[in-house]
Amino acid sequence: MRPQVESNSGLSAVLRGVVADLQHASGAEIVSIFLYEESTHTYYAPFATGQPQESLLDSLTDMREQLARYLSDADQGKVPDDLGVHQYGSTVWLTVTRQRLVARDAPSEIDSTFIRRYQVQSTIGLPLLAGDRLLGLVYLNYR
């Protein structure tokens, strides 16, 4: 008899644990984490609690498209000096500015289908940094 392979092993187990710990510590109803690879401008390994896992794949597509639009505009010199969340979305804003995002009134501060779909009232977005390197993003969403 072969031993059963643990489905929650490796990076997946770590990320699930981080999401659960963040939810417990913050009291947020929806917590998500997205890892990021700077050299390829790629978001990956999304994990969340409080929303269907299937929706995370759609989120990755949206995030990728928003970042591609920003990068294209940046190459053409079209990006405003005072970059705001409303121009390319919260994910691009967090990725580019690497500042924390606190939206106490998320519906009016962030124009997002996610905010409307999940009736999010406030959001905290945190860049995960190692020195100057962006490793990922964490979102804490409160309904």
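Because the structure is predicted, anything quoted here is derived from the model rather than measured. Residue indices begin at 1 and follow the sequence shown. Just so you know, these numbers use all the heavy atoms, side chains as well, and skip hydrogens, waters and symmetry mates.
- Residues satisfying the salt bridge (charged side-chain N to carboxylate O under 4.0 Å, His left out) criterion with Asp111, sequence neighbours excluded, are Arg116.
- Put simply, the side chain of Tyr88 reaches to within 4.5 Å of the side chain of Leu83, judged on heavy atoms.
- Among all heavy-atom pairs drawn from Ala106 and Thr123, the shortest one is CB-OG1, 3.8 Å.
- Of all non-hydrogen atoms in Ala28 and Gln23, the two that sit nearest each other are O-CG, 3.2 Å.
- Taking OH from Tyr43 and CG from Leu67, the interatomic distance works out to 4.0 Å, rounded to the nearest 0.5 Å.
- Remark: Arg133 CZ to Leu128 CG distance equals 11.5 Å, nearest 0.5 Å.
- Linking Ile, Leu, Val, Met, Phe, Trp and Tyr residues whenever their side-chain heavy atoms come within less than 4.5 Å leaves Leu60 and Leu15 in two separate clusters.
- Residues Val120 and Leu140 do not share a hydrophobic cluster, defined by chaining ILVMFWY side chains whose heavy atoms lie under 4.5 Å apart.
- A continuous path of Ile, Leu, Val, Met, Phe, Trp and Tyr side chains, each step under 4.5 Å between heavy atoms, connects Val18 with Val138, placing both in one hydrophobic cluster.
- Neither Ile115 nor Tyr142 shares a network with the other; the hydrophobic side chains, linked directly or stepwise wherever heavy atoms of I, L, V, M, F, W or Y lie under 4.5 Å apart, form separate groups for each.
- Partners of His86 under the side chain to side chain donor-acceptor pair (under 3.5 Å) rule, at least two apart in sequence or in another chain, do not exist in this structure.
- To the nearest 0.5 Å, atom CD1 of residue Ile124 and atom CZ of residue Arg104 are 8.0 Å apart.
- Every residue meeting the side-chain contact (heavy atoms from CB on, under 4.5 Å) condition with Glu65, not counting sequence neighbours, appears here in chain and number order: Thr61, Asp62.
- Smallest separation of non-hydrogen atoms from Pro46 and Gln53: O-OE1, 4.3 Å.
- Atom CD of Glu38 has more than 12 heavy atoms from other residues, nucleotides or ligands within 6.0 Å.
- Residues Leu11 and Leu22 share a hydrophobic cluster, clusters being chains of Ile/Leu/Val/Met/Phe/Trp/Tyr side chains in contact below 4.5 Å.
- The OH atom of Tyr70 sits 9.5 Å away from the CG atom of Asp75 when rounded to the nearest 0.5 Å.
- Side chains of Thr91 and Leu137 form a contact here, defined as non-hydrogen atoms less than 4.5 Å apart.
- Taking all atoms of both residues into account, the shortest heavy-atom contact from Val19 to Phe47 is CG2-O, 3.8 Å.
- Applying the side-chain contact (heavy atoms from CB on, under 4.5 Å) test to Leu129 and every residue at least two apart in sequence or in another chain returns Arg98, Pro127, Leu134.
- Listed by chain and number, the residues in a side chain to side chain donor-acceptor pair (under 3.5 Å) with Asp58 amount to none (sequence neighbours excluded).
- Glu109 CD to Ser90 OG: the interatomic distance, rounded to the nearest 0.5 Å, is 11.5 Å.
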Run Tyr118 and Ser112 through side chain to side chain contact (heavy atoms under 4.5 Å, CB included) and show every step you take. CA-CA 10 Å; Tyr118 293 101; Ser112 162; over 6 Å; no

Listing, residues 29-36 side-chain donor-acceptor contacts under 3.5 Å, not counting sequence neighbours, or none:
from	atom 1	to	atom 2	distance (Å)
Glu29	OE1	Arg143	N	2.9
Tyr36	OH	His41	ND1	3.1

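- Atom OG1 in Thr49 sits 11.5 Å away from atom CG in Asp21 (nearest 0.5 Å).
- Of all the heavy atoms in Gln87 and Arg69, the pair that sits closest is O-NH2, 3.3 Å.
- Counting non-hydrogen atoms of other residues, nucleotides and ligands closer than 6.0 Å to CG of Asp105 gives a total above 12.
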